[in-house]
Amino acid sequence: MNRAELADFLRRGRARLAPSDVGLTPGPRRRTPGLRREEVAQLAGMSVDYYTRLEQSRGPRPSRQMLTALGRALRLTDVEQDHLFHLAGEEPPRHETASAHVRPGLLMILDRLHDSPAQVVNDCGEVLAQNAMAKALVGDVMSRPRRERNLARLFFLDPAARTLFPPEDFEGHARAHVSSLRAVAAARPDDPEPTELVAELRAGSAEFARLWDEHEVSRRNEATKRFLHPLVGLLELDCEVMVSHQHHHLLVVHSARPGTDAYERLRLLRVVGLQDMSPSRS
């Protein structure tokens, strides 16, 4: 681990970003350009003290998960992300698999969707980034351990994950998860992520095993989805899915049509703010 070079790289990465670049409010006038240390720590989901020690060349080696979070917070490119891993003495992630590194351009779009819940997921269903409205709708998934960020795992193995869906919609969600995962597993037979996830879900959920044996195949696409939020009630939202093929990433955006009850409830949800009321779902 090259602590001095890592510290310099982090400081320079922080200095080149403005709060508006990462979806934050600028606030009072700043004496120096760039993000504050506490803002980077917040975006990366780490303590300010730990991040400060990294910038002061005295922190312990970050985990691979933390390096990925730092790369996302600083909006690093693929090359910069690999460099960050090398400075920390780690081998960069393999790019032929579904990388957890979200491209800066995709994060920029996410940050600018102030009125609509939106999140980036990989094609196996792991949530990689959320905007404020998505956190208000489904909870702050990024604050949880990585295993608890996969939407399919939550849906089939955690009963609480279904609490904000109308019960009559369970079957449709279940089939969508299974058929999408089957397509991914077939497309990437040498990638252990979908293979291991399928094995875990088949062993842990009779419902998943039953649907898997039906051999339905599909991709995540546009739909109308209903959510039962504990504060604002039923929201019927249009779901748009935009695909970034290079990294197997999906930008999932939920919106409501002006003039509908859901539109007014979505506006109310924005006022309610960030509340981790329940487990995430797609």
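We number each residue from 1, following the sequence as shown.
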On the 0 to 90° scale, with breaks at 30° and 60°, tag the F156-F208 ring pair as parallel, tilted or perpendicular. perpendicular

Side chain R64, main chain E91, donor-acceptor under 3.5 Å: yes

Would one find more than 12 heavy atoms of other residues, nucleotides or ligands at under 6.0 Å from atom OH of Y263? no

Nearest heavy-atom pair of L110 and A118: which atoms, and what distance? CD1-O, 3.4 Å

Tell me whether R226 forms a cation-pi arrangement with F165, defined as NZ or CZ under 6.0 Å from the six-membered ring centre and within 45 degrees of its axis. no

The salt bridge (Lys or Arg N to Asp or Glu O under 4.0 Å) partners of R14 (sequence neighbours excluded) come to E55

Should the heavy atoms of other residues, nucleotides or ligands under 6.0 Å from CZ of R12 be counted, would the total exceed 12? no

Taken to the nearest 0.5 Å, the spacing of M133 CE from L269 CG works out to 4.5 Å

Heavy-atom count check: over 12 atoms from other residues, nucleotides or ligands less than 6.0 Å from R267 CZ? no

Locate the shortest heavy-atom distance separating V217 from A183; write the atom from each residue and the value. CG1-CB, 3.5 Å

Does a salt bridge link D140 with R149, judged by any charged N lying under 4.0 Å from a carboxylate O? no

Under 4.0 Å between a side-chain nitrogen and a carboxylate oxygen: does that hold for R146 and E126? yes

Ring pair (Phe, Tyr, Trp, His ring centres under 6.0 Å), that's the test. Do F227 and H254 meet it? Break it down for me. CA-CA 11 Å; F227 300 100; H254 294 96; 5.2 Å; yes

Residues D111 and R75 bridged, charged N to O under 4.0 Å: yes

L84 and Y51: same hydrophobic cluster, using ILVMFWY side-chain contacts below 4.5 Å? yes

Taking E39 for its side chain and R36 for its backbone only, find out whether a donor-acceptor pair lies under 3.5 Å. yes

Between D238 and K225 (salt bridge meaning N to carboxylate O under 4.0 Å), is one present in this structure? no

Ion pair E193/R147, N-O distance below 4.0 Å: no

For atom CZ of R257, decide whether the heavy atoms of other residues, nucleotides or ligands shown that lie under 6.0 angstrom number more than 12. no

A152 and N150 have their tightest heavy-atom pair at N-OD1, 3.0 Å

